[in-house]
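See below for the structure under consideration.
Note: hydrogens, waters and symmetry copies are ignored here, and every other heavy atom, side chains too, is used. Predicted model only: the values in this text are computed from it and were never measured. Per chain, numbering begins at 1; letters A, B, ... match sequence-line order.
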Number of protein chains: 2
Amino acid sequence: MSDDQARIPEATTRRLSLYLRVLADLERNGADTVSSRGIADLCRLNPAQVRKDLSRFGAFGVRGVGYDVAELRQIVAGLLGVDTDSRVVIVGAGNLGQALADYPGFHGGGFEVVALFDVREEIVGTMSRRGHPVHHIDELERIIRDADVRIGMVAVPAAKAAEVVERLVGGGVRGLVNFAPVRLDVPEGIAVRNVDLTVELESLSFFLRDRK
Amino acid sequence: MSDDQARIPEATTRRLSLYLRVLADLERNGADTVSSRGIADLCRLNPAQVRKDLSRFGAFGVRGVGYDVAELRQIVAGLLGVDTDSRVVIVGAGNLGQALADYPGFHGGGFEVVALFDVREEIVGTMSRRGHPVHHIDELERIIRDADVRIGMVAVPAAKAAEVVERLVGGGVRGLVNFAPVRLDVPEGIAVRNVDLTVELESLSFFLRDRK
DNA sequence: ATTTGTGAACGCATTCACAGCT
DNA sequence: AGCTGTGAATGCGTTCACAAAT
């Protein structure tokens with residue numbers, strides 16, 4: 001019932017992120033309290049789902065009333081570990097890497113992009129539009145250590161992904177977001193999230209196949 | 001047991017996409033046959049999972065032997081509807097939209113990016129690095145109709161997403177890949193895949209929270 | 001009257017285990 | 001002997017429904 005390291009399903013942690021987003025919106029709009037139904041409607045979920053997710057971590061609501069928006073927002077931010085910034089590096093400074101570095105959702109959102117890395121000498125030393133520096137991949141391990149980087153985003157071609165992951169993990173990152181179209185092999189204890197555009201498109205295509 | 005429109009779980013269709021990728025790799029490497037275990041190892045899945053997924057569509061294997069790589073690759077491509085190209089448009093020609101348009105995974109992969117759209121006059125009329133044109137959003141409906149576009153990718157800020165989706169759907173697309181950090185409201189029959197970078201990072205952050 | 005927190009019921013996806021085919 | 005196809009078993013996440021609290 002409380003926060004043991006993790007008997008928490010990944011699905012719950014992903015919804016927690018949605019809750020945080022709607023709570024921040026509600027707070028910005030001046031809402032004081034919100035019910036599980038209110039949150040559920042905004043996330044297109046079942047209210048019982050919201051209550052069950054939250055109750056895994058404690059009893060934060062008031063029966064008959066609901067949840068205090070500001071308080072719950074802070075609690076959920078704490079659960080997700082976004083109340084303090086985590087440093088992130090991006091390997092691969094092509095179109096995708098640059099787009100990720102400059103993604104507006106990061107600003108003030110608990111993550112700080114420290115640097116991008118690439119092997120192409122013509123872009124090493126340049127900066128992304130918003131000013132994130134592109135370093136040579138040789139500096140990867142040093143910068144991970146110096147800046148205490150926890151998360152690496154992999155935005156290189158599939159053929160390079162395994163090598164990059166080995167260096168990221170060897171360097172000390174604990175979590176990976178992988179955009180390369182391969183299934184990574186990582187040591188026990190390293191968390192991976194795959195963002196696979198091909199899978200999204202092809203699985204979408206399946207459902208569209210026979211429709212006019 | 002056969003291909004009724006869809007009592008097929010989304011999880012199965014997503015794995016189908018993985019199978020297609022490893023089958024294409026195997027074929028490229030000259031493999032003639034492959035067992036469910038062979039596929040499963042490459043996808044880091046259980047062999048029974050692979051067999052069960054495939055058996056939803058027919059009996060494609062040979063007992064004691066396995067699956068014919070080239071034949072199964074064609075079958076799976078057909079199931080996913082990527083044996084003929086689907087036209088795609090991308091709304092939002094910022095960093096992300098451009099990166100998506102030029103994503104190498106699309107070439108020869110069953111999808112054709114017809115155009116990008118934006119409201120910013122300074123980029124309307126330009127082209128992405130690989131030559132995809134940026135049109136004004138006013139041309140969206142016309143081009144969807146003329147090119148018979150089936151899929152729209154939403155790469156605009158959260159605040160603009162709802163309006164863009166309404167125009168895409170009104171114009172005639174049947175499927176959406178949404179990169180904006182909002183939960184979309186779409187009519188019955190329109191398929192949506194959300195790619196939410198914030199959710200990926202925050203759910204990752206949860207698992208890293210208490211680790212050194 | 002309203003809304004939470006939660007045990008129980010349900011539904012669905014994954015895995016097991018084996019009969020059946022080559 | 002080897003591997004598929006699949007019914008049965010398992011495991012897990014979601015939803016229901018209600019007692020408890022205000």
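- With sequence neighbours excluded, no residue satisfies ring pair (Phe, Tyr, Trp, His ring centres under 6.0 Å) with F179(B).
- The phosphate of dT14(D) has OP1 or OP2 within less than 4.0 Å of a side-chain N or O from R15(A).
- With rounding to whole Å, L54(B) atom CG is found 13 Å from dT6(D) atom C1'.
- With rounding to whole Å, L72(A) atom CG is found 11 Å from dT4(C) atom P.
- The distance between atom CZ of F57(B) and atom P of dG5(D), rounded to the nearest whole Å, is 13 Å.
- Under the 4.5 Å side-chain criterion, counting only non-hydrogen atoms from C-beta, F207(B) is not in contact with I8(A).
- Among residues two or more places apart in sequence or in another chain, the side-chain hydrogen bond (donor to acceptor under 3.5 Å, both in side chains) test is passed with S36(B) by R51(B).
- In this structure, E71(A) atom CD and dT4(C) atom C1' are separated by 14 Å, rounded to whole Å.
- One finds no salt bridge joining E10(A) and R15(A) here, because no Lys/Arg side-chain nitrogen approaches an Asp/Glu carboxylate oxygen to under 4.0 Å.
- Close to dC3(D), at under 4.0 Å from its OP1 or OP2, lies no side-chain N or O of S36(B).
- Between R129(B) and D102(B), no side-chain nitrogen of the basic residue sits less than 4.0 Å from a carboxylate oxygen of the acidic one, so the salt-bridge criterion is not met.
- Of the candidate nucleotides dG7(C), dG13(D), dT14(C), dG7(C) has the atom lying nearest to any side-chain atom of K52(A).
- Donor-acceptor pairing under 3.5 Å is lacking for the side chains of T33(A) and D68(A).
- Counting only heavy atoms from C-beta outward, the side chains of V22(A) and C43(A) approach each other to under 4.5 Å.
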Between the protein and nucleotides 19-21 of chain D, list every N/O to N/O distance that falls short of 3.5 Å.
from	atom 1	to	atom 2	distance (Å)
dA20(D)	N3	R63(A)	NH1	2.8

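- Using a 4.0 Å cutoff on non-hydrogen atoms, the parts of residues 39-51 of chain B near DNA chain C are N46(B), A48(B), Q49(B), R51(B), ordered by number.
- We find that CZ of R56(B) is positioned 12 Å from P of dT6(D), with the value rounded to whole Å.
- Here D196(B) pairs with R183(B) in a salt bridge; the nearest charged N to carboxylate O distance falls below 4.0 Å.
- Atom CG in D68(A) sits about 16 Å away from atom P in dT3(C), given to the nearest Å.
- Distance, I8(A) CD1 to dC12(D) C1': 14 Å, rounded to whole Å.
- Residues meeting the ring pair (Phe, Tyr, Trp, His ring centres under 6.0 Å) test with Y19(A), sequence neighbours left out: none.
- Under the 4.5 Å side-chain criterion, counting only non-hydrogen atoms from C-beta, R21(A) is in contact with T198(B).
- Sorted by residue number, the list of members of residues 19-34 of chain A with any non-hydrogen atom under 4.0 Å from DNA chain C is empty.
- In this structure the side chain of F60(B) never reaches within 4.5 angstrom of the side chain of S55(B), judged on heavy atoms.
- In this structure, T12(B) reaches neither bases nor backbone, as no heavy-atom distance under 4.0 Å exists between it and the strands shown.
- When rounded to the nearest whole Å, the span between CD of E10(B) and P of dT14(D) equals 14 Å.
- By the 4.0 Å N-to-carboxylate-O rule, E141(B) lies too far from R145(B) to be salt-bridged with it.
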